[in-house]
Undergrad: 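Here's a structure for you.
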Amino acid sequence: MNEKFLQPYNPEETEKTIYQKWEDGGLFNPDKCIEKGVCEKDAEPFSIVLPPPNVTGILHLGHATMLAIEDIMVRFARMQGKRTLWIPGTDHAAIATQAKVEKILQKEGVRKHELGREKFLERVQQYALESQSIIIGQIKNMGSSVDWSRLAFTLDEQREKAVRTAFKQMYEDGLIYRKDRVVNWDPKGQTTVSDDEVNHEEQEAILYTFKYSADFPISIATTRPETKVGDVAVAVHPEDVRYKEYIGKTYEVKFAGSSLSIKVISDGSIDPEFGTGAVGITPAHSQTDWDIADRHNLPLKQVINEYAKMELGNELLDGKKTTEAREVIVDWLKEHNLLEKEEKITNNISTAERTGGVIEPLPKLQWFIDVNKTFTLKHSELKDFKAGDVVTLKQLMKSAVDSEEIHILPNRFEKIYHNWVDNLRDWCISRQIWYGHQIPVWYKDQEIHVGLEAPEGDGWQQDPDTLDTWFSSGLWTFSTLGWPFDDAQGKPTLLKDGSVNPDSELGIYHPTTILETGYDIIFFWVARMILMSTYLLGQVPFKTTYLHGMVRDMKGQKMSKSKDNGIDPNDMIHKYGADAVRMSLIIGTGPGNDIKLGEDKIRAYKKFANKIWNATRFVLERTEGTTLDNLELSTADQKLIDTWRESLADITSDMDNYRFYLAGEKLYHYFWHTFADVIIEDLKKRLEENPDDTSAKQTLLLLLTEQLKSLHPFMPFITEEIWQNIHDDDTMIMVQKWPKL
RNA sequence: GCGCGAUUAGCUCAGUUGGUAGAGCAACUCAUUUACACUGAGAAGGUCGGGAGUUCAAAUCUCUCAUCGCGCACCA
């Protein structure tokens with residue numbers, strides 16, 4: 001027996017060495033597994049991409065959960081002999097990262113515009129690289145068996161190729177267009193954000209009821225009087241008898257120092273019950289008003305600028321912040337006796353998810369992806385569509401889940417997904433920030449060029465905007481597998497007819513087996529991957545989506561720096577070992593449910609690791625020289641084995657059905673309370689009476705070995721360490737076969 | 001407004017097709033220097049949120065109410 005077992009288990013000492021051994025062995029790479037004969041060449045593939053963490057800092061417990069669950073899936077698949085690939089990577093997270101670097105610069109007293117675009121980007125790149133190397137270290141500390149040889153970044157050269165190819169194809173299919181539209185403008189981040197990047201918070205507001213002027217016949221109500229200088233119409237419900245006589249008339253009014261031309265229109269979307277039943281239409285500063293104006297061909301009148309200040313050629317208001325302008329207008333209304341009512345209501349305030357800035361709807365020239373426009377599908381392996389079908393992106397997104405080509409776990413999220421797709425509007429993909437994939441469009445006078453490279457000749461100017469970070473993440477399942485061009489093979493990943501070359505990496509591993517991520521990014525990411533993959537490859541990106549919950553503190557609150565209730569996974573790994581951290585994040589956690597975690601739980605699994613260690617020591621002491629080559633088991637001992645195998649069958653079925661929380665708990669329970677407490681105690685007595693009881697020895701050794709294997713996906717470090725200490729050869733438990741039933 | 005989830009032991013949660021309520025942690029009693037005190041044995045603790053229904057049988061299925069949490073929409 002190895003002397004190591006005479007001492008208590010020391011995770012910190014062990015884990016680094018073990019991970020190094022794994023890396024040196026190279027068996028996280030499926031190619032190497034085939035080369036070394038631990039995996040058949042024609043074995044069933046199992047592939048998964050790591051949801052790329054943002055390069056904005058260090059990993060938190062949510063990441064740790066993701067890494068633990070995925071590593072369990074991956075190690076289980078690998079031990080079943082599958083051709084197993086887990087691709088790691090990081091996300092440039094455009095706005096978030098840029099904001100972070102700007103903050104750092106601010107502390108140094110530097111402004112980004114003083115640096116200039118190029119210098120600034122260098123700085124961000126440097127930050128991203130540092131951040132990435134920290135993240136890589138943390139992924140390793142968790143024991144994740146990712147294939148480092150395939151490490152990707154959403155903003156590296158190959159992903160840029162993918163992004164530009166995708167953009168170009170969408171543009172040529174007429175799915176990407178550039179248009180003036182009211183978008184969510186974040187004055188703090190100085191950029192647009194997509195609908196999904198906007199948070200709504202309830203707040204108290206005042207609803208003002210007033211008339212523009214004494215001679216205007218209709219009163220309107222608003223919470224934002226300052227925008228009313230941009231009004232071009234008043235809309236009422238077509239059936240509203242109070243206002244019927246005014247519909248179609250236009251009034252010239254003097255309002256707060258501005259001359260307005262207000263047309264009375266009727267629109268079915270107006271609720272006659274709310275306020276006065278009449279709405280002042282401000283096309284430039286409200287999404288819904290824009291839609292109404294669009295239907296009625298009303299002009300656009302912008303009165304607020306990018307800095308959320310008034311700008312309209314009005315002495316009273318110009319240069320004022322919107323909040324100040326509101327007071328000025330309210331005072332003006334009072335003064336002119338036009339204000340009829342002030343009442344408190346609760347409404348929602350919109351803020352930008354990444355910066356917290358209050359959203360100001362503004363008309364902007366932006367790039368959009370049209371989700372409702374039809375195009376001809378070039379190639380399809382999808383159930384509901386074939387090549388040549390005329391479809392929309394929305395239809396593709398819907399059918400991928402409806403047709404059950406994609407299963408979402410837990411099931412209830414399919415409904416949520418559905419609901420989201422139904423309400424989906426065109427996706428605004430341009431961002432006015434510097435960090436990210438610059439839009440692959442070049443302009444020269446009236447000419448426009450969309451392509452992979454800048455056009456030849458002078459005078460071309462590239463669009464200064466960058467793409468929404470989710471555009472590149474949407475390609476992740478296949479941009480990490482060589483699409484559009486397989487460098488290793490030196491040819492495109494798609495054949496002439498648009499189908500995937502079956503010999504390419506893409507052909508082998510795509511669609512990926514499973515996508516595991518947090519339920520909070522189902523729309524941002526999961527839906528966008530489905531869009532991109534069905535459109536560009538005619539394939540779903542993955543067959544199953546497993547959504548894990550959010551990690552919370554014991555009170556159920558989100559962990560955050562400001563609340564100081566966060567548990568740092570790195571501290572926990574340091575204190576209790578990665579195996580214990582993994583177990584604590586898995587057990588008691590079904591898909592889709594939030595995880596309440598306290599340090600006690602992690603400590604409990606450290607005890608378990610020690611229990612395994614000590615039980616192993618006992619078994620090794622008593623079974624010196626015993627082998628499992630020829631089993632000579634007594635009937636009673638055979639029955640013990642049979643009972644264990646029954647549990648194992650149950651556990652395996654849990655694993656197959658993604659019930660890791662049950663499998664882990666059952667393994668824990670069997671090891672501790674059946675194997676250690678009962679079986680070892682019984683056999684201990686027997687061996688004291690008869691030290692040559694082969695059946696007893698073989699039973700112990702067999703049960704230990706099979707349990708180590710089945711525990712390996714959960715607690716890879718300690719099981720590998722034990723394996724290394726009891727085997728003289730250079731075999732690893734990570735590529736042993738999952739115990740046969 | 002629409003939808004989703006949760007409600008089971010003091011705490012965190014399991015409970016797979018309905019068949020006598022289960023685990024971890026904490027607390028309690030006792031034992032023990034043992035492969036392991038990062039231990040063992042034992043006891044205690046629940047009218048499964050309330051109510052109604054279906055059934056021979058309901059934590060589980062249906063309806064309803066309540067509380068908490070979440071998503072989406074509206075937001076004049």
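This is a predicted model, so every value here is computed, not measured. Numbered from 1 within each chain, the chains take letters A, B, ... in sequence-line order.
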Undergrad: Once the angle between the rings of A:Trp332 and A:Phe255 is folded into 0 to 90°, is it parallel (under 30°), tilted (30 to 60°) or perpendicular (over 60°)?
TA: perpendicular

Undergrad: Would you please confirm or rule out a distance under 4.0 Å between OP1 or OP2 of B:G24 and any side-chain N or O of A:His673?
TA: yes

Undergrad: Answer yes or no: does atom NE2 of A:His574 have more than 12 heavy-atom neighbours from other residues, nucleotides or ligands under 6.0 Å?
TA: no

Undergrad: Nearest nucleotide by nearest heavy atom, which residue falls closer to the 5' end of RNA chain B, A:Ile345 or A:Lys611?
TA: A:Lys611

Undergrad: List the residues meeting ring pair (Phe, Tyr, Trp, His ring centres under 6.0 Å) with A:Trp420, not counting sequence neighbours, and say none if there are none.
TA: A:Phe523

Undergrad: Can you sort out the partners of A:Lys249 under salt bridge (charged side-chain N to carboxylate O under 4.0 Å, His left out), two or more places apart, ordered by chain and number?
TA: none

Undergrad: Show every salt bridge (charged side-chain N to carboxylate O under 4.0 Å, His left out) that has at least one partner inside residues 666-677 of chain A, sequence neighbours left out.
TA: A:Asp650-A:Lys666, A:Asp654-A:Lys666

Undergrad: With respect to the phosphate group of B:C4, does any side-chain polar atom (N or O) of A:Lys415 fall under 4.0 Å of OP1 or OP2?
TA: yes

Undergrad: Over how many whole Å does the gap from A:Ile718 atom CD1 to B:C38 atom C1' extend?
TA: 11 Å

Undergrad: Centres of the A:Phe413 and A:Tyr417 rings: under 6.0 Å?
TA: no

Undergrad: Among all residues two or more places apart in sequence or in another chain, which pass the ring pair (Phe, Tyr, Trp, His ring centres under 6.0 Å) test with A:Phe76?
TA: A:Trp738

Undergrad: Does OP1 or OP2 of B:C36 have a side-chain N or O of A:Arg617 closer than 4.0 Å?
TA: yes

Undergrad: Of all residues at least two apart in sequence or in a different chain, which pass the side chain to side chain contact (heavy atoms under 4.5 Å, CB included) check with A:Ile206?
TA: A:Tyr208, A:Glu342

Undergrad: Please determine if a side-chain N or O atom of A:Lys606 lies less than 4.0 Å away from the OP1 or OP2 oxygen of B:C36.
TA: no

Undergrad: Say whether A:Glu599 and A:Tyr576, considering side chains only, have a donor N or O and an acceptor N or O under 3.5 Å apart.
TA: yes

Undergrad: So which protein nitrogen or oxygen atoms get under 3.5 Å of nucleotides 13-21 of chain B's nitrogens or oxygens?
TA:
residue : atom : partner  : partner atom : Å
B:A14   : OP1  : A:Asn593 : ND2          : 3.0
B:G15   : OP1  : A:Tyr661 : OH           : 3.4
B:U16   : O2   : A:Arg659 : NE           : 3.4
B:U16   : O2   : A:Arg659 : NH2          : 3.4

Undergrad: Applying salt bridge (charged side-chain N to carboxylate O under 4.0 Å, His left out), which residue pairs with at least one partner in residues 409-422 of chain A are found, sequence neighbours left out?
TA: A:Lys398-A:Asp422

Undergrad: Expected output is a numbered-order residue list: members of residues 680-688 of chain A with a heavy atom under 4.0 Å from any atom of RNA chain B. What is it?
TA: A:Ile680, A:Glu681, A:Lys684

Undergrad: By a strict heavy-atom criterion of less than 4.0 Å, which residues belonging to residues 217-239 of chain A are in contact with RNA chain B?
TA: A:Ala221, A:Thr222, A:Thr223

Undergrad: As a check on the pairing definition, encode RNA chain B in dot-bracket form, counting Watson-Crick and G-U wobble pairs whose two distances are under 3.5 Å, and using | for partners outside this strand.
TA: (((((((..((((.....[..))))..((((.......))))......(((((..]....))))))))))))....

Undergrad: Which atom pairs link the protein and nucleotides 25-30 of chain B when you take only N or O atoms and keep those under 3.5 Å?
TA:
none

Undergrad: Using side chain to side chain contact (heavy atoms under 4.5 Å, CB included) as the criterion, list what pairs up with A:Asp271, not counting sequence neighbours.
TA: A:Glu273, A:Phe274

Undergrad: A:Phe618 ring centre to A:Lys684 NZ or CZ under 6.0 Å, with the angle to the axis within 45°?
TA: yes

